[in-house]
Amino acid sequence: MRKMHIVLFLILSQIVFSQVKNTDELYKTAKKLDSLIFDLGFNKCDLSHYDSIISNDLEFYHDKGGITSGKEAFTASIKNNICGGPNKVKRELVPDSMKVFPMYKNNVLYAFIQEGEHDFAEFYEGKWHRGSRAKFNILWILEGENWKMKRVLSYDHHL
């Protein structure tokens with residue numbers, strides 16, 4: 001009987017603590033936030049909304065570029081390096097790579113982890129050139145009623 005309880009606990013814990021389905025509202029929220037950070041901000045250089053979705057004490061860890069601390073430093077980095085460079089750069093989420101893991105305290109959703117892979121490309125000599133592929137993890141925290149990007153890991157960049 002004890003073994004049955006352990007097996008049942010393991011099965012239920014996988015259900016309770018696993019990723020959400022891509023039809024779940026939290027997944028859709030993560031997809032929208034990803035689009036605001038990368039499609040609109042990174043790819044189109046419209047950073048006007050960054051103030052409302054990036055935590056003041058953001059920490060961004062990059063395996064090639066080091067640590068970026070704070071919303072202002074992150075926004076300046078995108079503005080100066082991605083949007084201010086000589087060549088256009090774009091980021092695309094690898095299809096079907098995104099996963100979302102909710103985090104609860106006392107049964108109340110307070111954060112989620114977004115993980116996935118993304119591809120980068122650079123436009124020069126009249127065409128797009130494939131850059132690196134990398135993995136990422138983003139911790140989104142609910143601050144008041146707004147989701148804020150709080151911690152980011154961007155790693156395993158390779159061609």
Closest approach of [X] and [Y], non-hydrogen atoms and distance?
X      : Y      : result
Asn43  : Asp39  : CB-O, 3.2 Å
Pro102 : Leu109 : CB-CD1, 3.7 Å
Gly41  : Cys83  : O-SG, 4.2 Å
Lys148 : Ser52  : CE-O, 3.4 Å
Leu36  : Tyr50  : O-CE1, 3.9 Å
Leu58  : Met149 : CD1-O, 3.5 Å

Interatomic distance, [X] atom [atom1] to [Y] atom [atom2] [nearest 0.5 angstrom]:
X      : Y      : atom1 : atom2 : value
Phe101 : Asn137 : CZ    : CG    : 9.0 Å
Ser154 : His62  : OG    : NE2   : 4.0 Å
Met103 : Leu142 : CE    : CG    : 13.0 Å
Asn146 : Ser55  : CG    : OG    : 11.5 Å

Give a yes or no on this: more than 12 heavy atoms of other residues, nucleotides or ligands lie within 6.0 Å of atom [atom1] of [X].
X      : atom1 : value
Glu143 : CD    : yes
Lys88  : NZ    : yes
Asn80  : CG    : yes

Do we see a donor-acceptor contact under 3.5 Å between the side chains of Tyr27 and Glu25?
no
Answer yes if the side chains of Gln114 and Asp34 hold a donor-acceptor pair under 3.5 Å, and no otherwise.
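There is such a pair (donor and acceptor under 3.5 Å, judged by atom type) between the side chains of Gln114 and Asp34.
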Taking it one step at a time, do Thr29 and Trp147 satisfy side-chain contact (heavy atoms from CB on, under 4.5 Å)?
CA-CA 9 Å; Thr29 296; Trp147 288 108; 3.7 Å; yes
Does Phe136 have Arg91 sitting over its ring (NZ/CZ under 6.0 Å from centre, angle to axis within 45°)?
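Yes, Arg91 sits over the ring of Phe136.
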May I ask you to establish whether Lys90 and Trp128 are in a cation-pi arrangement, using a distance under 6.0 Å from NZ or CZ to the six-membered ring centre and at most 45° from the ring axis?
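Checked: cation-pi criterion met.
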Apply side-chain contact (heavy atoms from CB on, under 4.5 Å) to Ile113 and Trp140, showing your working.
CA-CA 6 Å; Ile113 298 169; Trp140 292 91; over 6 Å; no
Go through Lys135 and Glu117 one step at a time and tell me if the salt bridge (Lys or Arg N to Asp or Glu O under 4.0 Å) criterion holds.
CA-CA 4 Å; Lys135 294 178 178 139; Glu117 291 186 77; 5.5 Å; no
Has [X] got a side-chain atom pairing as donor or acceptor with [Y]'s backbone, closer than 3.5 angstrom?
X      : Y      : result
Asp24  : Leu26  : yes
Asp46  : Ser48  : yes
His158 : Ser132 : no

Check the pair Arg151 / Ile138 against side-chain contact (heavy atoms from CB on, under 4.5 Å), numbers first and verdict last.
CA-CA 6 Å; Arg151 303 291 181 260; Ile138 301 174; over 6 Å; no
Spell out, yes or no, whether [X] and [Y] are grouped together once hydrophobic residues are joined by side-chain heavy atoms under 4.5 Å, including indirect joins.
X     : Y      : answer
Val20 : Tyr104 : yes
Ile53 : Ile78  : yes
Phe42 : Phe123 : no
Leu93 : Ile82  : yes
Leu33 : Leu40  : yes

So that I know where these two stand, are His118 and Phe120 an aromatic pair - ring centroids less than 6.0 Å apart?
yes
Would you sort out whether Ser77 and Thr75 count as a side-chain contact (heavy atoms from CB on, under 4.5 Å), showing the intermediate values?
CA-CA 5 Å; Ser77 176; Thr75 302; over 6 Å; no
Any chance you could lay out the salt bridge (Lys or Arg N to Asp or Glu O under 4.0 Å) test for Lys71 and Asp51, step after step, and finish with the verdict?
CA-CA 8 Å; Lys71 176 175 39 181; Asp51 193 52; 2.6 Å; yes
A side-chain contact here means heavy atoms from C-beta on lying under 4.5 Å apart; do [X] and [Y] qualify?
X      : Y      : result
Asp119 : Val94  : yes
Asp63  : His157 : yes
Leu47  : Phe74  : no
Met98  : Lys31  : yes

